[in-house]
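Values reported hereafter were calculated over all heavy atoms of this structure, with side chains retained and with hydrogens, waters and symmetry mates removed. Counting begins at 1 with the first residue of the sequence. Ligands are counted one by one from 1 in listed order, and the atoms in each one are counted from 1 as well.
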Amino acid sequence: MTSFQDFGLADPIARALREENYVTPTPIQAQTIPLALEGRDVIGIAQTGTGKTASFALPILNRLLQNRTKVQPKSCRVLVLSPTRELSGQILDSFNAYGRHIRLSSALAIGGVPMGRQVRSVMQGVEVMVATPGRLLDLVQSNGLKLNQVEFLVLDEADRMLDMGFINDIRKIVAKLPVKRQTLFFSATMPKDIAELAEAMLRDPARVAVTPVSSTAERVSQRIIQVDFVAKPAMLAQLLKQEPVNRALVFTRTKHGADKVVKGLEKAGIAANAIHGNKSQNHRERTLAAFRSGEISTLVATDIAARGIDVDGISHVVNYDLPNVPETYVHRIGRTARAGADGVAISLVAGAEEMGYLRDIERLIRMALPREDRRTPGSREQAPAAAAPHRAGRSAPRTHMARGNESPPAAKGPRRRRRRGGNGGAAQVGRGESPRPPQIGKSEGSQGGIQGVAFLHRESRAKPQPNRNNQTQR
Ligand code: AMP
């Protein structure tokens, strides 16, 4: 599939795509759209940044148009579930952008904002409802929304939803949906528990996939700075002053850590702000807007808060803490170097535990990362010697869960994998056998196999949504 024209989408949708400057479908779109247009259920393995939103939104809009029935009050025809408020907002923006010539009615139901306006926004019924699972269930249980008219269900970032403890909410929601529906299920990774969830929800699904995360790492210039734990705040401030930073995204493992880092930076005279699950939706939107506009050039975030946010021009990703799940590292550094741009990722590593995480990361990405040792001599003696990097013991890339540490109490704890494969202390590390990523939009054309991944920038839409917390678009 070389062009969007080949899909035979309805004119108003094709026109919106031209206005969005979409010419060539991305690999996930090339695979998913024809299947979804036929009405098939689809399981897609793809990350944010691969164009997966359009891969479900376009066929759904097209099918809605083919049969434009009246929506009952307090009902919706399309239900999209996503793990975070930000991602939900972006998905809604995408539906509204692609559906701008068809007078689409849509609404958003996300946590962290009062429910009253959300209840009012669906009072007359909407065609497309995008929601986080918890709030959606609240709406249903308070009789604000009925699910018996849902014809299309999308689960986006299913692995992250499980991470965040939404599994029971999802099961309850699915139990209320009509059995006769089309379901499109997307996840960045497909471990056993996700595959089982999909199995229970989908009928004879087609499978599509783009390359798992490990190839991202090859496009980012990565550095490790070994540092004493107490010296991290000063080291971060120094780096941000010395490096040619356009926009820096600093990751911490905890919400508390994010706030502490912001305070430390402010003391050092660097304007920064944090986003994480404890901040209000308004604060998150304001902070993101300030980061996008360049008003602040440093954003501190936890993994979950950062997921689903695409900001152009992030020159630096700094791992203030190393994640304990190696795939999370790859997700983090993928925030820079998008769409083939250059990016820098710097990780501050302190203590034996983080050295262990580093080795796991190097094994996953099949690269030895260059290290600078900035520890004070005394602590250097106590700290375990930096292990020589291993050559990866796997021959094929894995598709695993990337788990953050910001899960609510109900969530399962982060799963620590410590596979000690490979050849122990070998000094030579291969650059990895995974293929170079193809150009954006280049379809590989294989059926259902693992494909090259191409990351795209999420650009602000032609029609910005000033307050999308609970709007209805008509
Ligand atoms: P997503 O992975 O769905 O979050 O998409 C990432 C970004 O790529 C968004 O800004 C989309 O608008 C953009 N995008 C998606 N598909 C295409 C395409 N075929 N051509 C150009 N841009 C695209």
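- Polar contact with ligand 1: absent for Val23 (N/O pair, distance under 3.5 Å).
- To the nearest 0.5 angstrom, Ile110 atom CD1 is 8.0 Å from Arg135 atom CZ.
- Using a 4.0 Å cut-off between a side-chain N of Lys or Arg and a carboxylate O of Asp or Glu, Arg286 and Glu295 do not qualify as a salt bridge.
- Side-chain N or O atoms of Asp360 include none that pairs as donor or acceptor with a backbone N or O of Pro326 at under 3.5 Å.
- The heavy atom nearest to atom 5 (O) of ligand 1, considering only Gly51, Ala57, Ser55, is found in Gly51.
- For Gln29, a nitrogen or oxygen atom sits less than 3.5 Å from a nitrogen or oxygen atom of ligand 1, counting backbone and side chain alike.
- The backbone N or O of Ala274 lies less than 3.5 Å from no partner atom in the side chain of Asp259, so there is not a single donor-acceptor pair.
- The pair Glu19-Arg100 counts as a salt bridge, with a side-chain nitrogen and a carboxylate oxygen less than 4.0 angstrom apart.
- When heavy-atom distances to ligand 1 are checked against a 4.0 Å cut-off, Thr24 comes that close only through its backbone atoms N, CA, C and O.
- Less than 4.0 angstrom separates some heavy atom of Phe4 from each of these atoms of ligand 1: 19 (N).
- Residue-ligand proximity, Thr53 to ligand 1, at heavy-atom distances under 4.0 Å covers atoms 1 (P), 3 (O), 4 (O).
- With atom 11 (C) of ligand 1 as the reference point, the heavy atom nearest to it among Phe56, Phe186, Tyr22 is part of Tyr22.
- Salt-bridge annotation for Arg85 and Glu285: absent, with no side-chain N of the basic residue lying under 4.0 Å from a carboxylate O of the acidic one.
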